[in-house]
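Presented below is the structure to which this report refers.
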Amino acid sequence: MQTFTIPIGTSQDSLNLADGLPLFPKVGTARAGISNTSRSSPLADGSVTVLFLRTKVSVYYDFLMGIIGPAVSFNFPNNNVALINPTTGGGQVTVNLGADQQMVAGMAIGFVVGAGLTVSQEIYLPASWYTPWKFTWRTVFELSLRVEVDFIALLLNLINYLLGQSGKDGYLSRDTSDKLTRYLGYGSAGGVAESFKFYAYSSDSLGPNETVTATPRHVIPFDLMKSIPAARNFMKLLATIVGEVQFGPCLEIHMPVTLGLAGFTVGGGQGANSSETYSPVTYDGSTAIARGTKRFETLADRFTTNVVYTTGFTVAVSYFFKISLMKVFSIQVNTGSLDLLNLLNLKVPPRAVEGSVSTEVATSCILTPQMSIAFSVAGNPSVPPNTVIAGLVFSCEIFLSEPWAGPPTNIALSISPPISGFPSSVPLATGRAVAIFKHTIPNQYVIAGIPGNIGAEIPPSATSPYQSYLVTATIPPNDLQPCFDWEVTAPLMLMNRVLTARRVYGTPGDGPVWNPSYGGAQVNANPDYAPQNVPNGVDAYYLFGALPGQTPTQTPITITLYNDERHPHSGSDVWISFGDKSAQLSPSATLTLPIYTGGVYFFVQWRSMGPQVNYSSRFYLVLDGGDVCGQTEFWLTVWNWS
């Protein structure tokens with residue numbers, strides 16, 4: 001039907017962890033990419049005046065950190081693909097995997113810290129000899145100092161000094177490829193942080209092997225001979241005859257990564273919804289074969305390779321011994337490793353992760369992602385990254401790794417699960433590398449997570465205020481940048497706002513964990529019996545305050561009384577009053593009540609009296625405002641009730 005030769009992998013030419021698939025993906029991420037952050041803040045800024053002397057001091061700090069991965073990147077440069085319609089029906093994809101298969105897994109880090117100091121001394125003197133009555137401040141001296149330190153290089157030098165080891169296989173070593181250089185340009189001085197790598201290459205090949213493996217490994221040896229006082233003199237004498245003894249434990253960190261092919265997705269026809277996945281994959285020598293039910297009717301324009309990879313994590317300990325004399329006698333012994341996590345019953349099981357890479361058939365371009373998304377709430381640094389608050393304006397920034405070279409266009413947006421009113425697109429101008437829009441998401445229902453009831457929703461509450469979404473941004477293909485993949489999916493966490501209820505007057509009682517002091521009260525249905533001085537009611541209020549721009553309004557709120565087993569309780573004479581609105585709870589009542597205002601007071605009264613007993617019962621008063629304002633609960637510890 002169709003044959004072609006294409007590369008398959010995460011990057012077009014050489015391996016690049018920045019284009020790799022994430023080893024520990026967050027929800028919705030497609031590629032590992034590069035993360036970086038920076039901050040600059042003052043430590044002290046002020047002046048002190050003593051008589052005719054004034055001293056000004058300004059001190060600040062700043063830092064910048066960047067990280068690639070942890071990721072797995074692979075590249076199979078020449079692969080002969082055949083799309084076949086067998087006589088037996090369906091479709092078949094055969095991929096003759098070429099030689100020179102490459103795979104790398106791990107991470108690279110860069111971290112630089114800096115500080116600045118400015119000190120000036122001034123004296124109050126006459127402005128000139130001919131105007132001695134006019135005084136002014138004159139600078140006697142001024143010191144300005146800026147320092148930048150590569151923190152990782154400093155840390156590694158310290159480790160090497162303490163351990164007396166450097167430059168051996170398996171150690172954390174300098175990343176000579178300098179993948180982070182373009183991302184860690186730093187400060188006005190233009191200094192660049194060094195980057196260091198913790199990764200490993202695979203020497204395996206797919207076909208007939210079903211998987212390939214790379215194992216990043218970090219070894220930290222502890223030479224006891226240099227830390228034992230009694231051995232120091234012996235080591236000095238041994239050094240005079242060019243000898244050395246090393247003995248001690250090694251702490252090893254292993255992160256094996258195994259990669260295999262899961263199937264192929266073939267897309268054909270301009271604008272046609274004709275993509276089909278063919279799986280699973282079997283091997284005949286170096287040829288990968290996958291079958292599907294759909295026959296090939298149009299020429300393929302995109303070929304997607306689906307992969308499955310697993311990442312393990314092990315911390316082990318072993319012992320080493322080495323002795324050498326005058327470079328003619330040398331013995332070195334290493335013991336087998338003990339898996340510490342397994343011994344402690346803390347073994348981390350490998351977890352399979354799915355990913356995919358795509359190649360444009362006509363151009364043989366590997367489509368590398370060029371976009372990233374970030375969400376932030378302006379002026380509120382305490383909110384975690386990519387988290388927004390319901391009802392508050394947030395910013396969405398869509399970043400492009402390269403400026404857009406095509407004509408002005410729109411970035412298509414979608415969110416899952418759907419939210420009414422979420423923007424469907426944002427404009428992007430030619431030459432721009434960022435697009436920004438602002439939006440507000442009102443309170444939403446949250447997924448209940450009920451087994452067997454997928455999609456069930458509940459109102460947000462103090463213990464479940466969050467709802468996760470996936471936001472996808474897509475730009476139509478651009479002929480001027482044919483090898484770029486203009487699509488990204490990122491997680492968005494919505495923190496809903498919820499009602500709160502607090503006791504005002506009454507006897508304190510147990511409350512929920514988020515409000516133990518004021519979230520409950522004791523009530524004595526029959527005050528003639530003990531405990532004394534406990535009334536048969538309690539005054540409280542609920543609050544759902546307004547955000548900027550919101551005006552007071554009203555919404556239906558359902559009030560329900562639950563017993564100690566959290567079943568609706570009816571049969572008792574219990575009333576709740578909100579000013580001029582009252583209802584009997586047997587077990588529920590729905591009233592239209594104010595929100596976006598100050599506290600709304602209510603009174604709960606237990607009118608059905610019972611015999612004297614020496615114990616109380618727990619009841620839960622739940623106020624449910626649905627998705628508009630969530631729900632909260634108020635605990636009642638009730639004595640002598642019926």
**OP:** Drop me the distance from His569's NE2 to Tyr562's OH, to the nearest 0.5 angstrom.
**Re:** 13.5 Å
Original post:
Within a strict 4.5 Å, meaning less than it, do heavy atoms of the Phe578 and Ile576 side chains meet?
Top reply: yes
Subject >> Residue pair Val388 / Met495, side-chain heavy-atom distance below 4.5 Å >> reply: no
Original post:
Any salt bridge (charged side-chain N to carboxylate O under 4.0 Å, His left out) pairs touching residues 596-610, not counting sequence neighbours?
Top reply: none
**OP:** Applying side-chain contact (heavy atoms from CB on, under 4.5 Å), run through Val471 and Ile415 and close with a yes or a no.
**Re:** CA-CA 4 Å; Val471 177; Ile415 187 169; 4.0 Å; yes
**OP:** With rounding to the nearest 0.5 Å, note down the distance linking CD1 in Ile436 to CD in Glu397.
**Re:** 4.5 Å
**OP:** Evaluate side-chain contact (heavy atoms from CB on, under 4.5 Å) for Val604 paired with Val523, printing each intermediate quantity in order.
**Re:** CA-CA 9 Å; Val604 180; Val523 172; over 6 Å; no
**OP:** Might you point out which heavy atoms bring Val534 and Gln522 nearest each other, and give the distance in Å?
**Re:** CG1-O, 3.7 Å
Original post:
Taking all non-hydrogen atoms of both residues, which atom of Ala405 and which atom of Thr430 are closest, and how far apart?
Top reply: O-CG2, 4.2 Å
Original post:
Are side-chain heavy atoms of Leu21 and Tyr309 found at a separation under 4.5 Å?
Top reply: yes
Original post:
Passes side-chain hydrogen bond (donor to acceptor under 3.5 Å, both in side chains), Ser586 versus Ser570? Steps please.
Top reply: CA-CA 4 Å; Ser586 58; Ser570 58; over 6 Å; no
Original post:
If you count the non-hydrogen atoms of other residues, nucleotides and ligands that lie under 6.0 Å from CE in Met493, is the total more than 12?
Top reply: yes
**OP:** For the residue pair Pro460 and Asn443, establish whether any side-chain heavy-atom pair is separated by less than 4.5 Å.
**Re:** yes
Subject >> Nearest atoms (heavy-atom pairs only) where Ala583 meets Ala589 >> reply: CB-CB, 3.4 Å
Original post:
Quick one: CG on Leu494 to OH on Tyr466, what's the gap to the nearest 0.5 Å?
Top reply: 10.0 Å
Original post:
Side chains of Thr277 and Asn306: does their closest heavy-atom pair fall under 4.5 Å?
Top reply: yes
Subject >> Worked check of side-chain contact (heavy atoms from CB on, under 4.5 Å) between Asp573 and Gln584 >> reply: CA-CA 7 Å; Asp573 189 12; Gln584 185 179 25; 3.0 Å; yes
**OP:** Apply salt bridge (Lys or Arg N to Asp or Glu O under 4.0 Å) to Asp539 and list each qualifying residue two or more places apart in sequence or on a separate chain.
**Re:** none
Original post:
Is the shortest heavy-atom distance from the side chain of Ile475 to the side chain of Thr409 under 4.5 Å?
Top reply: yes
**OP:** Look at atom OH of Tyr518 and say whether more than 12 heavy atoms of other residues, nucleotides or ligands are closer to it than 6.0 Å.
**Re:** no
Subject >> Distance, nearest 0.5 Å, that separates CG of Asn524 from CE of Met609 >> reply: 10.0 Å
Original post:
Does Thr440 use its side chain to pair, donor to acceptor, with the backbone of Gly391 at less than 3.5 Å?
Top reply: no
Original post:
Considering residues at least two apart in sequence or located in another chain, which fulfil the ring pair (Phe, Tyr, Trp, His ring centres under 6.0 Å) criterion with Phe422?
Top reply: His439
Original post:
For Ala530, does its backbone N or O pair with a side-chain atom of Asn640 as donor and acceptor, under 3.5 Å?
Top reply: yes
Original post:
Which heavy-atom pair separates Phe375 from Pro491 by the least distance, and what is that distance?
Top reply: CE1-O, 3.8 Å
**OP:** Please report the shortest heavy-atom distance between Pro403 and Ala433, naming the atom on each side.
**Re:** CA-CB, 4.1 Å
**OP:** Kindly write out the residues that satisfy side-chain hydrogen bond (donor to acceptor under 3.5 Å, both in side chains) with Thr472, not counting sequence neighbours, or none if the list is empty.
**Re:** Thr489
Original post:
Out of curiosity, Glu457 CD to Ile447 CD1, how far, rounded to the nearest 0.5 Å?
Top reply: 5.0 Å
Original post:
If we only count heavy atoms from C-beta on, is the Leu400 to Trp486 side-chain gap below 4.5 Å?
Top reply: yes
**OP:** For Arg432, enumerate each residue passing the salt bridge (Lys or Arg N to Asp or Glu O under 4.0 Å) test, keeping only those at least two apart in sequence or located in another chain.
**Re:** none
Original post:
How about Ile419 and Ile441: do any of their side-chain heavy atoms sit closer than 4.5 Å?
Top reply: yes
Quiz: residues 544-558 side-chain donor-acceptor pairs under 3.5 angstrom, not counting sequence neighbours:
| residue | atom | partner | partner atom | Å |
| --- | --- | --- | --- | --- |
| Gln550 | OE1 | Leu547 | N | 2.8 |
| Thr558 | OG1 | Thr590 | OG1 | 2.9 |

Original post:
Any donor and acceptor pair, going by atom type alone, linking the side chain of Asn526 with main-chain N or O of Gln612 inside 3.5 Å?
Top reply: no
Subject >> Residues which pass side-chain hydrogen bond (donor to acceptor under 3.5 Å, both in side chains) with Asn496, listed by chain and number, not counting sequence neighbours >> reply: none
Original post:
Atom OG1 in Thr314, atom CD1 in Ile253: separation rounded to 0.5 Å?
Top reply: 10.5 Å
Subject >> Donor-acceptor pair, side chain of Arg503 and main chain of Gly520, under 3.5 angstrom >> reply: yes
Original post:
Tell me, which pairs form a salt bridge (charged side-chain N to carboxylate O under 4.0 Å, His left out) where one or both residues lie in residues 433-451, sequence neighbours left out?
Top reply: none
Original post:
When you measure from the side chain of Ser425 to the backbone N and O of Asn410, does any donor-acceptor pair fall under 3.5 Å?
Top reply: no
Original post:
Do Ser376 and Ser395 have a side chain donor and acceptor closer than 3.5 Å?
Top reply: no
**OP:** Measure centre to centre between the rings of Trp606 and Trp575, then say whether the value is under 6.0 Å.
**Re:** no
Original post:
Using a distance-only test with no angle check, is there a side-chain donor-acceptor pair under 3.5 angstrom linking Thr304 and Thr265?
Top reply: no
Original post:
Are Ser582 and Ser577 close enough that a side-chain donor and a side-chain acceptor fall under 3.5 Å?
Top reply: yes
Original post:
Can you name the side-chain contact (heavy atoms from CB on, under 4.5 Å) partners of Ala473, sequence neighbours left out?
Top reply: Met371, Ile373, Ile398, Ile411, Leu413, Val488
Quick one: side chains of residues 629-638, donor-acceptor pairs under 3.5 Å with protein atoms, not counting sequence neighbours, listed by atom name and distance.
| residue | atom | partner | partner atom | Å |
| --- | --- | --- | --- | --- |
| Glu633 | OE1 | Arg566 | NH1 | 3.3 |
| Glu633 | OE2 | Arg566 | NH2 | 2.9 |
| Glu633 | OE2 | Trp635 | NE1 | 2.7 |

Original post:
What residues, two or more places apart in sequence or in another chain, satisfy ring pair (Phe, Tyr, Trp, His ring centres under 6.0 Å) together with Tyr541?
Top reply: Tyr601
Compile the donor-acceptor pairs under 3.5 Å between side chains in residues 613-628 and protein atoms, sequence neighbours left out, one pair per line.
| residue | atom | partner | partner atom | Å |
| --- | --- | --- | --- | --- |
| Ser617 | OG | Trp641 | NE1 | 3.4 |
| Arg618 | NH2 | Asp510 | OD2 | 3.1 |
| Asp624 | OD1 | Gly626 | N | 2.8 |

Subject >> Under 3.5 Å: donor-acceptor pair, side chain of Gln605, backbone of Phe603 >> reply: no
Subject >> Smallest separation among heavy atoms of Pro587 and Pro568, with atom names >> reply: CG-CB, 3.7 Å
